> 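The structure is given below, and queries will be raised subsequently.
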Amino acid sequence: MLLRLDFTTAFLAALLSGASAQTFRRFGTCPTLGCVIPPDQQDFLPGQEFDIRFEIHAPKNGSEAFNNGVPDEKFTATIAKDRGRPRSLNEFFKLKEPALEKWTFSWFEDLFAQDANTPSVVNVASKAYRRVALYEPGTYTVTLNYFSGKTTTAKWTVRPLATRKKAKNVIFFIGDGMTTNMITAARLLAHKTINGKYQTLLSLDDFPVLGHQMTHSIDTFITDSANSASALYTGHKSTVNALGVYADTSPDPLDDPKVETIVEMLFRIWGSAWGAVSTAFIADATPIALSGHSRLRSQYGVLIDQALNGVANYSWTKTDGPDAYFGGGADQFIPGSGSFQGKDYYAEFARKGYSVSLNKTSLLSAPTDKKALGIFCKNNLPVWLDRHIFPENLEINNDPSGANKSAKDLPGLKEMTLKAIDVLHSRGGKDGFFLMSEAASIDKQMHALDYDRALGDLLELDDTVRATIAKLKELRILDDTLIVVSADHGHGFDVFGSSDTKYAAAQTEDRAKRNAVGVYQNSGLSQYTEPKPGVSYNTGANFPLNWDPRYVIAAGLGANPDHREDYGVGKTPRSPASARNGEYYVNDKDRPEGFVVNGTLPTSESQGVHSLTDVPVYARGPCQETFGGTYSNIDVFYKIANCLGLGHGRNVTEGAEKRFGKGNGTGKGKGHD
Ligand SMILES: *[C@@H]1O[C@H](CO)[C@@H](O)[C@H](O)[C@H]1NC(C)=O
Ligand SMILES: *[C@@H]1O[C@H](CO)[C@@H](O)[C@H](O)[C@H]1NC(C)=O
Ligand SMILES: *[C@@H]1O[C@H](CO)[C@@H](O)[C@H](O)[C@H]1NC(C)=O
Ligand SMILES: *[C@@H]1O[C@H](CO)[C@@H](O)[C@H](O)[C@H]1NC(C)=O
Ligand SMILES: *[C@@H]1O[C@H](CO)[C@@H](O)[C@H](O)[C@H]1NC(C)=O
Ligand SMILES: *[C@@H]1O[C@H](CO)[C@@H](O)[C@H](O)[C@H]1NC(C)=O
Ligand SMILES: *[C@@H]1O[C@H](CO)[C@@H](O)[C@H](O)[C@H]1NC(C)=O
Ligand SMILES: [Zn+2]
């Protein structure tokens, strides 16, 4: 009876603390008090450099209070390969014992604790082993021993991967937030059907191989763009807001254990060229995760410095900077509060041999044999719809020089991508190149519930992919180039019918406006593909002929803030909710003719949020056959790495030495096995 009671009490306590640990956790990858980072179940490329951190947690109060908040400072750890003898990390990696570090952090156990402002306080003892690598494929068991008798183990798998290059070049297109539902809607807007048969198709529709990737973070089922980009570029999942690192609990966001990225490896091993193109500010998560190592994606200034100069303050492999780097985000380049240490990063890049373009004309005439920087505005690039259909929205103070005027001579994703290919092809030479090209505002406009602006940018991505294939053919490198088009996560978007904008506008009651929506047999056909009388957008095939038809698509998101909906195209960019006393309510100035849709999100959210869905992976070129099926986001990395022969585990910096000149390499990686 007593036993049973004890069991029930213990079980209940475990259940309570376990259940309350959903929204907030002491440390997502570490349910015990001894943390091994990278944690259990991680995969590695042979020879991929990474840092290891151990943390011992002694909660001072809260449900887990232990040992009066005094952490064990005498913890030990071993590593063993397969069934081999466990050895100390110092012996195994031939390292000196790292210094002991100590800090304190606090966290809320649940929403009640947050409301009451009673954080739980944790004292930490820690050691970090910097820049190691595992060269032999196999299973490694890391065991952490602490608090005399407690252990935490982590199993790591070093995957056997190809050492021979099958693709010379890789172009990785990322439609940020792009889902199959959005691709379907974009096709409907831009491509005409006759009696149910499409007369033309998207460029994506012609790809020979399609797979699906699961986007979850390491410690949450919904991801953001930082750790999802990081998973795609490093083969290691991470935590929301973190890129190029596994998150730790220390106060410094730059000291978290790092993992080597695909461009760092490609540069170190083969000496290839690399570039990033984005319609976002270039310090945004998706482009910056190629070179950045920070737990906080918002450290924009220092992340731009890392792209150019590599990680400071820690021995770490580095590239000699991107060969082509095009996007928005002048805020981190103009000397001032947005740039690292207030420095002029246009000048910093120029000093390292870059051509610097601040408009499209200058970009198109930039030399292809020099490294090229192109920053075309502050913040994100204006979207395709505003650049082509509503140019009056370009009248904003966003000139990349910092002058008080509008950036008007703007390239789109296509011009930036094609120019980057010219530069990378010329600079990579026989060593090839890696280019990431991001259609960022599919995500940004979906956040704003601005479906037309999002779909316009998706069509721009598709147009860019089409032009890229033609360009590679012209350069005679199409057959050597793996092209992957995917996303980092989705939004719960779909189309469920059409809406008669004329009928909706004539109704005065919200409920009557909703009756303008035609479902099933009343949905009709796309009117976006029918020319608008007296109007020619001149945007060419593959884009709608009419963005403002009477019958529009009726679309929505699986989750949203309070907002008004009229389904029609917004003549100005959308801002669905507005703040009152720190909470978001319907913005009555947005779509004033629409009806109110009450939100499903927390009242602190001003916008839509990311969703759970798997996202598509389109592939063509060398290794295309490996991209079919359903797999994790990290597998996208291993498939690309395999195709680039990055699995040969060499630890010399021959690629970098070749490009820096002998003796100017970035140092040898440590370790063996
Ligand atoms: C833990 O202690 C801190 C003060 O050190 C206090 O502010 C906090 O409310 C305590 N938390 C709990 C859960 O008791
Ligand atoms: C390196 O560390 C120093 C001292 O902590 C700091 O001032 C500096 O900002 C760091 N540099 C970078 C690039 O993070
Ligand atoms: C584009 O940039 C070049 C070089 O900085 C400059 O000379 C030119 O005036 C700019 N053109 C426009 C249209 O702003
Ligand atoms: C920028 O220029 C506009 C007119 O073009 C002016 O109204 C505004 O005050 C200026 N802003 C600043 C910060 O100088
Ligand atoms: C939206 O919610 C408010 C209360 O927050 C309520 O008064 C209103 O009737 C709701 N509107 C609709 C259309 O459901
Ligand atoms: C890695 O470097 C060590 C010395 O730093 C060397 O002994 C070892 O042979 C190298 N391994 C490979 C695979 O190059
Ligand atoms: C290393 O690079 C520096 C700067 O680019 C150059 O001055 C130096 O000559 C190079 N050293 C060698 C050995 O190539
Ligand atoms: Zn997003």
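Below, all heavy atoms of this structure are taken into account, side chains as well, without hydrogens, waters or symmetry copies. When a ligand or atom number is given, it counts from 1 through the structure's own listing order. Keep in mind that this is a model prediction, so the values were computed, not measured.
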> Here's one to test your reading of the geometry: is the NZ or CZ of Lys513 within 45 degrees of the ring axis of Tyr503 and under 6.0 Å from its centre?
no
> For atom 14 (O) of ligand 5, decide whether some protein heavy-atom distance is shorter than 4.0 Å.
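Yes.
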> Would you indicate which of Ala116, Gly62, Ser63, Pro119 comes nearest to atom 11 (N) of ligand 1 when only heavy atoms are counted?
Pro119
> Given the protein's heavy atoms, is any one of them under 4.0 Å from atom 5 (O) of ligand 3?
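No; the ligand atom in question lacks any protein heavy-atom contact below 4.0 Å.
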> So, Lys471 and Asp422, do they make that salt bridge, N to O below 4.0 Å?
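A salt bridge is present here (some side-chain N lies under 4.0 Å from a carboxylate O).
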> Less than 3.5 Å between some nitrogen or oxygen of Ser120 and one of ligand 1, yes or no?
no
> Check ligand 3 against Asn359 and write out every atom of the ligand that is under 4.0 Å from a heavy-atom position of the residue.
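Heavy-atom distances to Asn359 below 4.0 Å select 1 (C), 2 (O), 3 (C), 8 (C), 10 (C), 11 (N), 12 (C), 14 (O).
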> Would you call Lys571 and Asp548 a salt bridge, taking side-chain N to carboxylate O under 4.0 Å as the test?
yes
> Please determine if Asp399 and Lys378 form a salt bridge, counting it only when a charged side-chain N lies under 4.0 Å from a carboxylate O.
no
> Give me the nearest non-hydrogen protein atom to atom 9 (O) of ligand 1 as residue plus atom name, then the distance to 0.1 Å.
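Ranked first by proximity to atom 9 (O) of ligand 1 is Thr118 CA, 3.5 Å.
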> What protein heavy atom lies closest to atom 8 (C) of ligand 5? Include the residue and the distance to one decimal.
Asn598 ND2, 3.8 Å
> Are side-chain N/O atoms of Arg295 and Thr239 paired as donor and acceptor at under 3.5 Å?
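Result is no, nothing qualifies.
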> Can you confirm whether some protein heavy atom lies under 4.0 Å from atom 2 (O) of ligand 3, or whether none does?
yes
> Is it true that atom NZ of Lys60 has more than 12 heavy atoms of other residues, nucleotides or ligands lying nearer than 6.0 Å?
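Incorrect, the count does not exceed 12.
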> Please state which part of Lys60 comes within less than 4.0 Å of ligand 1, counting heavy atoms only: side chain, backbone, both or neither.
side chain
> Do Tyr567 and Ser498 get their side chains close enough for a donor-acceptor pair, meaning under 3.5 Å?
no
> Is it true that Phe66 and His57 have ring centroids separated by less than 6.0 Å?
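They do not qualify: ring centres at least 6.0 Å apart.
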> Could you tell me whether Val596 approaches ligand 5 through its side chain, its backbone, both or neither, with non-hydrogen atoms closer than 4.0 Å?
backbone
> Answer yes or no: does an N/O atom from Asp409 fall short of 3.5 Å to an N/O atom of ligand 3?
no
> Looking only at protein heavy atoms, which one is nearest to atom 10 (C) of ligand 1, and how far off is it?
Asn61 ND2, 2.6 Å
